[in-house]
Each structure stands twice: as structure tokens, then as C-alpha cells.
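Structure first, commentary second.
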Amino acid sequence: MKRQFVLASVLAAMLAAAASAADISGAWKGTANFQGQPIARTFVFKVDGAKLTGETTSELLGKSTIEDGKIEGDTIAFTITASFQGNPLKMSYKGKISGDTITLATNVGAGMGPSIEWTLKKS
């Protein structure tokens, strides 16, 4: 009986966490500074519970699919694989949602400089 109660409590907590995930579905536009130059990127997010999918587009890297996306409360994380000068470039994004703004930090890998900080607004 005690084991069933613990299992039910864990299941209820997991369902509550998934239900409390922010719904950021739709298009978001962002800007960042990359090696002293402003860059723009559009994100189209699709949220299904705690799963985050969609795509992102930029002039520099073109269109990429959002992979391994998760959303938990006000925290999001995902990766994309883009092509840069003919080579695959895997980028990890982690961020926070605050109303109509999402802030993201992007780890772009070796040789590309420090992480890029993005500020997104719902479009």
C-alpha cells in the first residue's frame, strides 16, 4: 500500500510538471551579438506537454530542425544541427521564459568563440 502511494505521488508530480510547462508555441524572433555583429534568428516552437519541437531559421545558417527539445516550467533546452561552410555544426540552446521574452544561451562549439546570448520576443 505504501509503495502504491509513493508511485502515485511520483506520477502526480510528473504530470503536474508537464502541465505547468509554459506554452511558447508559435513564432519568436531573436537577436544576438556574434563576433561584434548583430545577427537575427526566427524560432517556430511547437509544445506538446514537456516536449519541444519546431524549427529555426537564420541568414547565416539557414533552416534547422529543433532536436531533443524539453520544456519544464520556465526552462527550455534543445539542440539544432546546422551546416556552416559545408560542415555540420551542432548547437545547444538553454534558456528561460519570462512572459513574452525568452533568453537563450547557445553553445556553438570549438572555434566559434564564446556562447551567444539571444533575446527572443513573440512575433
Side-chain angles (χ1 to χ4, degrees):
M1 184 72 148
K2 187 176 183 181
R3 184 175 181 197
Q4 289 175 335
F5 176 75
V6 170
L7 183 59
S9 296
V10 169
L11 182 58
M14 289 172 50
L15 289 173
S20 69
D23 187 1
I24 59 169
S25 295
W28 294 73
K29 291 190 178 194
T31 57
N33 181 340
F34 179 67
Q35 298 180 345
Q37 298 295 316
I39 54 174
R41 180 174 282 281
T42 300
F43 297 81
V44 179
F45 295 121
K46 296 175 186 169
V47 176
D48 183 9
K51 184 178 179 182
L52 179 67
T53 60
E55 62 186 27
T56 179
T57 307
S58 76
E59 287 183 21
L60 182 63
L61 299 175
K63 189 179 283 191
S64 302
T65 301
I66 292 173
E67 305 163 350
D68 305 319
K70 296 182 237 177
I71 183 166
E72 220 176 86
D74 67 348
T75 302
I76 65 173
F78 58 93
T79 60
I80 67 166
T81 303
S83 178
F84 183 72
Q85 298 178 345
N87 297 307
L89 175 64
K90 189 163 191 158
M91 299 167 52
S92 301
Y93 290 79
K94 292 184 181 180
K96 292 283 185 187
I97 305 158
S98 180
D100 68 345
T101 302
I102 300 174
T103 55
L104 291 173
T106 308
N107 179 350
V108 293
M112 295 295 288
S115 68
I116 300 172
E117 304 293 325
W118 293 88
T119 301
L120 311 181
K121 293 287 188 180
K122 185 91 169 172
S123 57

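Because the structure is predicted, anything quoted here is derived from the model rather than measured.
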What residues, two or more places apart in sequence or in another chain, satisfy side-chain contact (heavy atoms from CB on, under 4.5 Å) together with Ser83?
none
Separation between OG1 (Thr31) and CD1 (Ile116), nearest 0.5 Å, reads 12.0 Å
Can you tell me how far CG of Asp68 sits from OG1 of Thr53, rounded to the nearest 0.5 angstrom?
11.5 Å
Is the closest side-chain heavy-atom distance between Ile76 and Ile71 below 4.5 Å?
yes
Table please: side-chain donor-acceptor pairs of residues 94-105 below 3.5 Å, with sequence neighbours left out.
residue	atom	partner	partner atom	Å
Lys96	NZ	Thr75	OG1	2.9
Thr101	OG1	Lys121	NZ	2.6

Would you check if the side chain of Lys122 reaches a backbone N or O of Ser25 as a donor-acceptor pair within less than 3.5 Å?
yes
Euclidean distance, Thr57 OG1 relative to Ile80 CD1, rounded to 0.5 Å
9.5 Å
Flag if over 12 foreign heavy atoms under 6.0 Å of CG, Asn33
yes
Using the test salt bridge (charged side-chain N to carboxylate O under 4.0 Å, His left out), find all partners of Lys63 that sit at least two apart in sequence or belong to another chain.
Glu55
Phe45/Leu52 under side chain to side chain contact (heavy atoms under 4.5 Å, CB included): CA gap, chis, key distance, verdict
CA-CA 7 Å; Phe45 295 121; Leu52 179 67; 3.7 Å; yes
Report the residues that fulfil side-chain contact (heavy atoms from CB on, under 4.5 Å) with Ser123, sequence neighbours left out, ordered by chain and then residue number.
Ala27, Lys29
Can you name the residues that form a side-chain contact (heavy atoms from CB on, under 4.5 Å) with Ser58, not counting sequence neighbours?
Arg41, Leu60, Leu61
Those residues that, when tested against Trp118, pass side-chain hydrogen bond (donor to acceptor under 3.5 Å, both in side chains) (two or more places apart):
Thr106
If you compare all heavy atoms of Ser92 against all heavy atoms of Thr79, which two are closest, and at what distance to 0.1 Å?
OG-CG2, 3.7 Å
Say you draw a straight line from CZ of Phe78 to NZ of Lys70; how long is it, rounded to the nearest 0.5 Å?
13.0 Å
To the nearest 0.5 Å, how far apart are CZ in Phe43 and CH2 in Trp28?
11.5 Å
